[in-house]
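Notes for the one structure printed next.
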Amino acid sequence: MRERIRKGHQRVAPNMEDYASYRRRFSWAEARTWLDGLPGGAGLNIAHEAVDRHAAGPLRDRVALRWLGRDGTTEAITYGSLAERTNRFASALRDLGVGAGDTVFGLLGRVPALYVTALGTLKNKSVFSPLFSAFGPEPIRARLSIGKARVLVTTPSLYRRKVAPLRGELPSLEHVILVGGALDGTLSFEELLAGGSPTFTIPPTDPHEMALLHFTSGTTGKPKGAIHVHEAVVAHHATGRIALDLHDDDVFWCTADPGWVTGTSYGIIAPATCGVTSIVDEAEYDADRWYRILEEQKITVWYTAPTAVRMLMKAGPELPRAHDLSALRFVASVGEPLNPEAVIWGDEVLGLPIHDNWWQTETGGILVSNYACMEIKPGSMGRPLPGIDAGIVRRLPDGSIEEVKAGEQGELAIRPGWPSMFRGYLGEDERYRKTFAGGWYLTGDLARVDDEGFFFFVGRADDVIKSAGHLIGPFEVESALLEHQAVAEAAVIGKPDPMIGEVVKAFVSLHDGWAPDEALRTALIGHARKRLGAAVAPKEIDFLTPLPRTRSGKIMRRLLKARELGLPEGDTSTLETAP
């Protein structure tokens with residue numbers, strides 16, 4: 001296993017050419033000056049920075065979104081056209097009596113109407129909240145209820161199947177707007193746009209006004225609504241430039257599902273504030289289609305997920321070699337830690353290292369990253385973003401917090417104050433307060449930092465396995481299993497044991513052509529023992545295809561453990577498919 005991977009081939013100088021010197025001189029106050037602000041000093045509004053300032057300047061005719069329909073149709077939407085469409089939607093909301101602070105939910109796939117809805121809502125100073133289009137009725141009802149939805153934008157099919165039966169339970173939901181034709185008791189998205197004014201003046205917007213509501217699942221059944229404000233755009237823009245290295249002429253593709261926070265922060269806001277062209281693919285994952293998109297659309301910066309990378313790895317190296325990927329210059333990944341083998345695969349097969357980064361729904365944007373200017377340590381999520389003070393801490397018996405030494409394991413913690421920091425859990429003030437202690441935001445993620453300042457993910461605090469006095473991180477075991485040529489994906493849990501506390505159990509999904517038999521099980525255990533030692537290697541391995549994961553790509557170890565032990569499964573609303 002290589003300990004370092006060189007920097008990628010840069011055809012342009014990185015926006016951050018040297019990490020240490022850039023970090024010393026960076027400030028969030030300076031990053032705020034990279035944006036325009038509303039005319040006349042009227043505040044800061046995400047939609048103005050993402051759309052209107054470009055539409056009023058030399059980027060008016062640049063393509064903001066190039067939409068690729070699953071049926072082969074395409075549509076190019078310029079910044080000028082996007083400004084007009086979002087004006088019309090904002091005007092339509094105003095005409096309906098929907099105003100500042102009212103919540104507009106989007107239950108849509110990757111279609112142009114999603115982007116118009118999100119940005120038009122923000123223009124109107126209403127709050128935008130995305131939903132997974134694959135949600136079932138109950139998680140939709142829960143989120144619409146918690147968020148006090150005033151407006152829902154969806155499709156006729158999704159409405160009939162998932163919302164109409166619940167509408168009587170949602171007293172705050174006044175307006176349902178359907179994309180592609182109205183039904184009884186609903187409004188037509190297309191008709192509202194046609195009747196809306198093509199001009200709209202964004203009202204004065206305090207940077208600390210609520211703008212976005214993102215739901216995240218906890219270990220209990222009730223989802224949490226993380227509140228984000230308009231000031232978050234400062235971090236979205238800065239991380240687009242620094243962590244994703246977006247330049248003015250880039251063609252950017254974020255593959256994240258629009259129902260996940262990445263689909264908003266980096267599928268909509270960050271690339272738009274940077275004035276680049278974003279590719280939007282309506283279709284679901286298909287390896288050949290993805291490589292064709294990279295080639296035909298001349299993608300330069302690609303932001304995807306570890307699950308997708310592993311699926312591409314499983315598809316083999318012949319596909320990428322059959323496509324011209326020479327336009328591609330920077331690849332990044334988020335959603336779950338990127339295993340070292342995947343980083344190395346990118347370097348060897350794509351000719352570019354894959355830059356892992358870390359953030360959460362609560363952080364609103366990237367906080368720890370591997371950057372274009374740095375070598376990569378495979379398995380590391382990188383170093384803190386300039387302007388971010390990160391540490392590894394532990395809670396003492398008296399409730400106080402102390403930092404641990406380099407190399408020691410603890411909880412990843414961030415000093416509060418970055419612009420995209422969540423400002424609360426909706427209606428759960430005490431739950432919010434408990435995430436802060438000793439001057440830190442406590443992430444719930446266990447990690448370690450080496451003596452060069454590179455952070456390494458260990459696992460969620462409630463995922464760590466305690467076995468015979470050892471603290472074992474699932475990610476380390478999973479990474480070792482993934483090094484075996486038979487393994488496509490792996491997930492590891494702790495299984496209670498009366499003698500040693502917990503034994504390590506692995507669930508493995510295999511590449512095509514491999515038989516899930518006892519011989520392979522024995523071989524995998526032997527491989528893991530060789531890599532990790534008998535104390536850390538799994539004692540049990542089950543073959544399972546597919547592994548349960550969320551639509552954002554995170555394998556649900558909690559669900560595997562619940563099923564293994566016959567415990568309640570908790571919130572499964574973000575599963576890729578129903579359990």
Side-chain angles (χ1 to χ4, degrees), residues 23 216-220 222 224 226-227 336-337 358-364 366-369 377 379-385 387-418 420-425 428-477 492-504 532-533 535-536 557-558 561 570:
R23 183 174 176 82
T216 181
S217 297
T219 54
T220 63
K222 186 178 180 181
K224 302 171 289 186
I227 297 168
E336 198 173 23
W358 175 91
W359 57 293
Q360 299 177 318
T361 301
E362 286 86 350
T363 74
I366 299 165
L367 295 194
V368 181
S369 185
K377 292 186 178 182
S380 170
M381 56 195 186
R383 301 170 81 176
L385 188 82
I388 294 299
D389 183 9
I392 306 296
V393 306
R394 62 169 162 243
R395 299 173 189 253
L396 299 177
D398 64 2
S400 62
I401 303 294
E402 72 171 5
E403 289 192 69
V404 304
K405 297 176 183 178
E408 293 185 9
Q409 180 179 298
E411 186 171 359
L412 176 60
I414 312 292
R415 293 290 185 191
W418 67 96
S420 63
M421 185 182 81
F422 75 130
R423 307 305 167 91
Y425 289 126
E428 297 189 79
D429 292 343
E430 181 59 26
R431 195 174 192 177
Y432 177 68
R433 283 192 292 270
K434 286 181 178 179
T435 63
F436 298 89
W440 296 95
Y441 161 62
L442 303 175
T443 68
D445 282 349
L446 296 179
R448 60 182 174 84
V449 60
D450 68 14
D451 55 10
E452 293 184 281
F454 284 83
F455 283 73
F456 292 80
F457 182 85
V458 174
R460 285 293 296 172
D462 51 7
D463 281 341
V464 171
I465 301 162
K466 296 181 179 180
S467 180
H470 300 284
L471 292 178
I472 300 170
F475 180 63
E476 183 180 18
V477 183
V492 167
I493 66 167
K495 181 178 177 180
D497 181 90
M499 289 293 292
I500 59 174
E502 292 180 297
V503 296
V504 178
L532 300 169
V536 178
R557 300 186 191 97
R558 171 185 59 80
K561 189 163 187 174

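All residue numbers refer to positions in the sequence shown, counting from 1. In this text the structure is predicted, and so the values were computed from the model without any measurement. Just so you know, these numbers use all the heavy atoms, side chains as well, and skip hydrogens, waters and symmetry mates.
Glu411 contributes a side-chain N or O that, together with a main-chain N or O of Gly444, makes up a donor-acceptor pair within less than 3.5 Å. When atom types are taken as modelled, the side chain of Trp418 and the backbone of Ile388 share no donor-acceptor pair closer than 3.5 angstrom. Put simply, the side chain of Ser420 gets close to the backbone of Thr363: a donor and an acceptor are under 3.5 Å apart. Side chain of Arg448 to backbone of Phe455: no donor-acceptor contact under 3.5 angstrom is found.
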* Determine, step by step, whether Phe457 and Leu412 satisfy the side chain to side chain contact (heavy atoms under 4.5 Å, CB included) criterion, reporting the C-alpha distance in whole Å, the side-chain angles of both residues, the deciding distance to 0.1 Å, and the verdict. => CA-CA 9 Å; Phe457 182 85; Leu412 176 60; over 6 Å; no
* Do Trp440 and Glu403 pass the side chain to side chain contact (heavy atoms under 4.5 Å, CB included) test, and can you show the C-alpha distance, the side-chain angles, and the key distance before you say yes or no? -> CA-CA 10 Å; Trp440 296 95; Glu403 289 192 69; 3.7 Å; yes
* To do: Run the numbers on Ile472 and Glu502 for side chain to side chain contact (heavy atoms under 4.5 Å, CB included), then give the verdict.
  => CA-CA 10 Å; Ile472 300 170; Glu502 292 180 297; over 6 Å; no
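At least one side-chain heavy atom of Leu396 sits under 4.5 Å from a side-chain heavy atom of Glu402. For the pair Val536 and Val504, the minimum side-chain heavy-atom distance is 4.5 Å or more. Inter-residue side-chain proximity for Glu452 and Lys377 is flagged as met; some heavy-atom pair is nearer than 4.5 Å. In this structure the side chain of Ile414 never reaches within 4.5 angstrom of the side chain of Glu362, judged on heavy atoms. Put simply, the side chain of Gln360 does not reach to within 4.5 Å of the side chain of Thr216, judged on heavy atoms. Counting only heavy atoms from C-beta outward, the side chains of Tyr432 and Ile227 never approach each other to under 4.5 Å. Within the 4.5 Å cutoff, side-chain heavy atoms of Ile401 are placed close to those of Leu442.
Atom CD of Glu428 sits about 8.5 Å away from atom NZ of Lys224, to the nearest 0.5 Å. Considering CD1 of Ile465 and NZ of Lys561, their distance stands at 7.0 Å, rounded to 0.5 Å. The NZ atom of Lys405 lies 15.5 Å from the CD1 atom of Ile392; values are rounded to the nearest 0.5 Å. Here the straight-line distance linking atom CZ of Arg383 with atom OG of Ser369 works out to 12.0 Å at 0.5 Å rounding. The CH2 atom of Trp359 lies 7.0 Å from the CD1 atom of Ile366; values are rounded to the nearest 0.5 Å.
Taking each heavy atom of Thr435 and Tyr425 in turn, the nearest pair found is CG2-CE1, 4.1 Å. Nearest heavy-atom pair, Gly438 versus Arg415, reported as atom, atom and distance to 0.1 Å: O-NH1, 3.5 Å. In terms of heavy-atom proximity, Gly439 sits nearest to Pro416 at O-CD, 3.3 Å. Ile493 and Arg557 make their closest contact through CG2-O, 3.6 Å (heavy atoms, listed as atom of the first residue, atom of the second, distance).
Ring pair Phe422/Phe436 is parallel by interplanar angle, where below 30° counts as parallel and above 60° as perpendicular.
For an aromatic pair to be called close, the ring centres must be under 6.0 Å apart, and Phe456 with Phe475 fails this.
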